[in-house]
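When reading the values below, keep in mind they use all heavy atoms of this one structure, side chains included, and skip hydrogens, waters and symmetry mates. All of these numbers come straight from a predicted model, not from anything done at the bench.
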Amino acid sequence: CHCWNIAGGNLPIYQKIFAGLEGIAVPVFMFLSFYFLERTFLNCTSENIKKRLFRVSYPQFGWAFIYFFVYGSLKFLFNKFQTLKISDLFLQILFGHTINASMWFQFVLIVLTVIFFLVFHFWKEKNGILIIHILLLVSFLIQYTGLNFYVFSNLPSSLKYPLGRFFPMVPYAVIGFDFAYFSIFEKMKENRSYWLILVFLSTIFLLKFKIINEAPGDGFYSSNNAILTALCISGFAYLLPFEKLNEKCLRFIEFISKYTLGIYCMHRLVNKFACQIFVHMGFEESSFLGCIFVYIICFMISLLVSKIPSKFAKTLVE
């Protein structure tokens with residue numbers, strides 16, 4: 001989404017697949033975040049709350065300082081990048097869209113996590129579930145009446161996107177919780193082959209044809225088929241028979257997916273340097289191959305950081 005310019009040009013078929021999935025990454029990750037948090041919300045102890053809030057808040061805080069320091073140093077030493085103010089750092093920590101724009105996701109994740117914890121801390125399980133579904137209905141109402149777009153569309157980008165994307169993210173959070181609570185994917189495993197084929201074909205159909213009108217709001221992730229597509233992609237991955245793989249394959253999958261957080265947080269920073277290298281070497285900037293290069297570099301840096309014997313270092317990348 002951020003390192004590959006797909007505008008114009010005829011893409012090879014394999015690149016078209018990635019281009020078609022460009023806008024589904026955020027919906028899938030928000031859905032999965034709350035799918036895996038369902039038990040934590042229902043077992044809403046003080047220890048669980050502290051542990052989870054630190055887990056999601058520390059990268060927001062830590063990476064804001066890293067970006068601020070690196071960009072500030074580049075400006076001071078080489079006159080590269082814009083001049084940053086302390087207010088930019090505070091806005092980045094709070095909303096995640098000033099210095100490293102990708103972190104708006106983390107801001108929304110933190111806010112939704114706090115809301116879910118508050119709901120299940122102060123209300124019994126059934127009442128809590130009812131409340132989050134009322135929030136779901138409210139989010140659809142605010143989006144489809146155009147209120148969300150009207151309120152947030154004219155704000156500065158540092159506020160427009162993190163605040164404007166809050167209500168569009170609510171459905172992914174609630175539905176993710178629902179799919180875990182009602183064990184929907186587990187029930188689908190009872191007829192795995194049928195559901196695997198169905199969700200695979202449904203994904204292709206949903207990527208190609210619009211069946212749900214989108215709410216007003218360009219860039220607010222209230223796009224037409226995104227909720228259904230995120231469910232189908234997540235369901236397809238869940239239904240794959242990973243349990244039939246041997247231990248080495250499973251350890252390899254765990255290893256290559258371990259540093260997703262670090263790659264997500266640092267990829268814009270690494271891409272800044274990668275683009276400079278591409279220019280000097282005469283390579284195409286913002287290419288698909290460049291994306292792969294940025295990913296590999298981010299993975300290697302994350303791996304190195306994870307070797308530092310510090311909980312605070314590991315939490316930045318794992």
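Residues Phe236 and Ser202 are not in side-chain contact: their nearest non-hydrogen atoms beyond the backbone lie 4.5 Å or more apart. No side-chain heavy atom of Arg165 sits under 4.5 Å from any side-chain heavy atom of Val26.
Using a 4.5 Å cut-off between side-chain heavy atoms of Ile, Leu, Val, Met, Phe, Trp and Tyr, with links allowed through other members, Tyr238 and Ile197 fall into the same hydrophobic cluster.
In Tyr58, the OH atom is crowded: over 12 heavy atoms of neighbouring residues, nucleotides or ligands sit closer than 6.0 Å. Within a 6.0 Å radius of CZ in Phe29, no more than 12 heavy atoms belonging to other residues, nucleotides or ligands are found. Other residues, nucleotides and ligands place more than 12 heavy atoms under 6.0 Å from the NZ atom of Lys314. Around the CG atom of Asn154, the shell of radius 6.0 Å holds no more than 12 heavy atoms that belong to other residues, nucleotides or ligands. Open room surrounds CZ on Phe200; 12 or fewer heavy atoms of other groups in view lie less than 6.0 Å from it. Taking a 6.0 Å sphere around CZ of Phe61, one finds it holds 12 or fewer heavy atoms contributed by other residues, nucleotides or ligands. Within a 6.0 Å sphere centred on CZ of Phe182, heavy atoms belonging to other residues, nucleotides or ligands number more than 12.
With sequence neighbours excluded, the residues satisfying side chain to side chain contact (heavy atoms under 4.5 Å, CB included) with Lys272 are Tyr71, Phe81. With sequence neighbours left out, the side chain to side chain contact (heavy atoms under 4.5 Å, CB included) criterion links Leu21 to Ile17, Leu207, Ile233. With sequence neighbours excluded, no residue forms a salt bridge (Lys or Arg N to Asp or Glu O under 4.0 Å) with Arg55. Applying the salt bridge (Lys or Arg N to Asp or Glu O under 4.0 Å) test to Glu243 and every residue at least two apart in sequence or in another chain returns Arg192. Residues satisfying the salt bridge (Lys or Arg N to Asp or Glu O under 4.0 Å) test with Lys189, not counting sequence neighbours, are Glu186. By the side chain to side chain donor-acceptor pair (under 3.5 Å) test, Asn48 pairs with Thr45, sequence neighbours left out. Applying the side chain to side chain donor-acceptor pair (under 3.5 Å) rule to Lys75 yields the partners Asn79; only residues at least two apart in sequence or on another chain are considered. In terms of the salt bridge (Lys or Arg N to Asp or Glu O under 4.0 Å) criterion, Glu125 has no residue partners (sequence neighbours excluded).
If you take CG on Asn148 and CG on Leu141, they are separated by 11.0 Å, rounding to the nearest 0.5 Å.
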- Message: Quick one, Phe120 with Phe177, criterion ring-ring contact (aromatic ring centres under 6.0 Å, His included). Give me CA distance, side-chain angles, the key distance, then yes/no.
- Response: CA-CA 12 Å; Phe120 288 103; Phe177 176 93; 5.3 Å; yes

- Query: Phe152 and Phe166: ring-ring contact (aromatic ring centres under 6.0 Å, His included), yes or no, with the steps?
  - Reply: CA-CA 11 Å; Phe152 299 116; Phe166 171 78; 8.9 Å; no

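Residue pairs meeting the side-chain hydrogen bond (donor to acceptor under 3.5 Å, both in side chains) criterion with at least one member in residues 290-306, sequence neighbours excluded: Tyr259-Ser306. Here salt bridge (charged side-chain N to carboxylate O under 4.0 Å, His left out) pairs that include residues 20-46, with residues two or more places apart or in two chains, number zero. Pairs passing the side-chain hydrogen bond (donor to acceptor under 3.5 Å, both in side chains) check and including a residue from residues 130-143, sequence neighbours excluded, read His133-Asp178.
With Tyr172 contributing its side chain and Ser33 its backbone, the two residues share no donor-acceptor pair below 3.5 Å. The backbone N or O of Glu254 sits less than 3.5 Å from a side-chain atom of Ser257, completing a donor-acceptor pair. Checked by atom type and distance alone, the side chain of Asn100 pairs as donor or acceptor with a backbone atom of Cys265 at under 3.5 Å. Checking side-chain atoms of Asn225 against main-chain N and O of Phe209 turns up a donor-acceptor pair under 3.5 Å.
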Quick one: side chains of residues 101-114, donor-acceptor pairs under 3.5 Å with protein atoms, not counting sequence neighbours, listed by atom name and distance.
residue, atom, partner, partner atom, Å
Ser102, OG, Arg268, NE, 2.6
Gln106, NE2, Val56, O, 2.9
Thr113, OG1, Leu109, O, 2.6

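Aromatic ring orientation, Phe185 versus Tyr35: tilted (interplanar angle from 30° to 60°).
Contact detail for Leu303 and Phe255: the closest heavy-atom pair is CD1-CE1, 4.0 Å. Minimum heavy-atom separation, Leu316 to Phe312: CG-O, 3.4 Å.
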